Amino acid sequence: MPIAFHYADDTERGHAEKLAATRHRLLHEGTPHPAWEELTNGERERATAEAAWYLRAGRRAGLYDRNVAPPVTSVARGADGRPISRDDHEAQLRAWIEKNGTGERLALLDRAELSVVTALLNELCGALPKERLGQFAREMAVKLNDRGGV
């Protein structure tokens, strides 16, 4: 018999199913529990409904929020003086390079300084690996290293 559980929306259901599946995979790794794929449809549905209750409890406890605003920059500001989203900042930087990046090449850094700049860009990439700004920092570090022969 199907479980009568009312999810807030498809997103909540998807998150709950992902949480339930991940929990079962972890259990399966270290114990004789069956893998997620080995559960019946009913068992998976019950596990998903249970996971939805844990998601709701976590939100109510203030542990996380489904409607989190996108991360913003710590230094860059918009025309209104407020921080801008890191995705918008990455888009602005790319656009600036596309518009202004065909000019004269300037030798501004020695090898040690170039190594430091690329290390800082790589650190930003490591801090934001899944964000466009972090990926852009990695692209720039690689480009600078290639040009500088580092």
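All figures in this text were calculated on a predicted structure; none of them were measured in a lab. Note that the numbering runs from 1 along the sequence shown for the chain.
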(Q) Which Ile, Leu, Val, Met, Phe, Trp or Tyr residues join Leu120 in one cluster when any pair of side-chain heavy atoms under 4.5 Å counts as a link? (A) Val116
Q: Please lay out, stage by stage, how Arg13 and Glu17 fare under the test salt bridge (charged side-chain N to carboxylate O under 4.0 Å, His left out).
A: CA-CA 6 Å; Arg13 189 187 193 310; Glu17 185 171 15; 3.4 Å; yes
Q: Only counting residues at least two apart or in another chain, list the ones meeting side-chain contact (heavy atoms from CB on, under 4.5 Å) with Pro129.
A: none
(Q) Can you list everything that forms a side-chain contact (heavy atoms from CB on, under 4.5 Å) with Glu50? Sequence neighbours excluded, please. (A) Tyr54
Q: Work out which heavy atom in Arg77 is nearest to a heavy atom in Pro83; give both atom names and the distance.
A: NH1-CG, 3.4 Å
Q.
With rounding to the nearest 0.5 angstrom, report the CG to CD distance, Leu121 to Glu139.
A. 11.5 Å
Q) side chain to side chain donor-acceptor pair (under 3.5 Å) with Asn41: which residues, sequence neighbours excluded? A) Arg44
Q. Is there a path from Leu93 to Val117 through hydrophobic residues (I, L, V, M, F, W, Y) whose side chains come within less than 4.5 Å of each other?
A. yes
**Q.** Shortest non-hydrogen separation from Ala20 to Ala47 and the atoms involved
**A.** CB-O, 3.5 Å
(Q) Run the side chain to side chain donor-acceptor pair (under 3.5 Å) test against Glu43 and tell me which residues pass, sequence neighbours left out. (A) Thr40
Q) Is any side-chain heavy atom of Arg94 less than 4.5 Å from a side-chain heavy atom of Lys99? A) no
Q.
I'd like to know if Val72 and Phe136 are part of one continuous hydrophobic network [Ile/Leu/Val/Met/Phe/Trp/Tyr, side-chain heavy atoms within less than 4.5 Å].
A. no
Q) Apart from Leu39 itself, what residues make up its hydrophobic cluster, given side-chain heavy atom links below 4.5 Å? A) Trp36
Q: Looking only at non-hydrogen atoms, find the nearest pair between Leu124 and Ala137 and report the distance.
A: CD2-CB, 3.7 Å
**Q.** Qualifying residues under side-chain contact (heavy atoms from CB on, under 4.5 Å), relative to Ala76, sequence neighbours excluded
**A.** Thr73, Ile84, His89
Q: Could you note down all residue pairs passing side-chain hydrogen bond (donor to acceptor under 3.5 Å, both in side chains) where residues 20-29 supplies at least one of them, sequence neighbours left out?
A: Arg25-Glu37
Q: Take atom CG of Asn100 as the centre, draw a 6.0 Å sphere, and report whether it contains more than 12 heavy atoms from other residues, nucleotides or ligands.
A: yes
Q | Listed partners of Ser74 passing side chain to side chain donor-acceptor pair (under 3.5 Å), at least two apart | A | none
Q | Spatial distance of atom CG (Asn145) from atom OG1 (Thr118) [nearest 0.5 Å] | A | 4.0 Å
Q: Show your reasoning for whether side chain to side chain contact (heavy atoms under 4.5 Å, CB included) applies to Glu12 and Arg59.
A: CA-CA 12 Å; Glu12 182 183 49; Arg59 281 194 300 272; 3.1 Å; yes
Q) What closest approach, in Å, do Gly134 and Cys125 show between heavy atoms, and which atom pair accounts for it? A) O-CB, 3.4 Å
Q) How would you list, by chain and number, every residue that makes a side chain to side chain donor-acceptor pair (under 3.5 Å) with Thr48, sequence neighbours excluded? A) none
**Q.** Pairs satisfying salt bridge (charged side-chain N to carboxylate O under 4.0 Å, His left out), at least one member in residues 114-133, at least two apart
**A.** Arg86-Glu131, Glu90-Arg132
Q. Who are the side-chain contact (heavy atoms from CB on, under 4.5 Å) partners of Val142, not counting sequence neighbours?
A. Arg138, Asp146
Q.
Within this structure, what is the CG-CG distance for the pair Leu133 and Asp87, rounded to the nearest 0.5 Å?
A. 8.0 Å
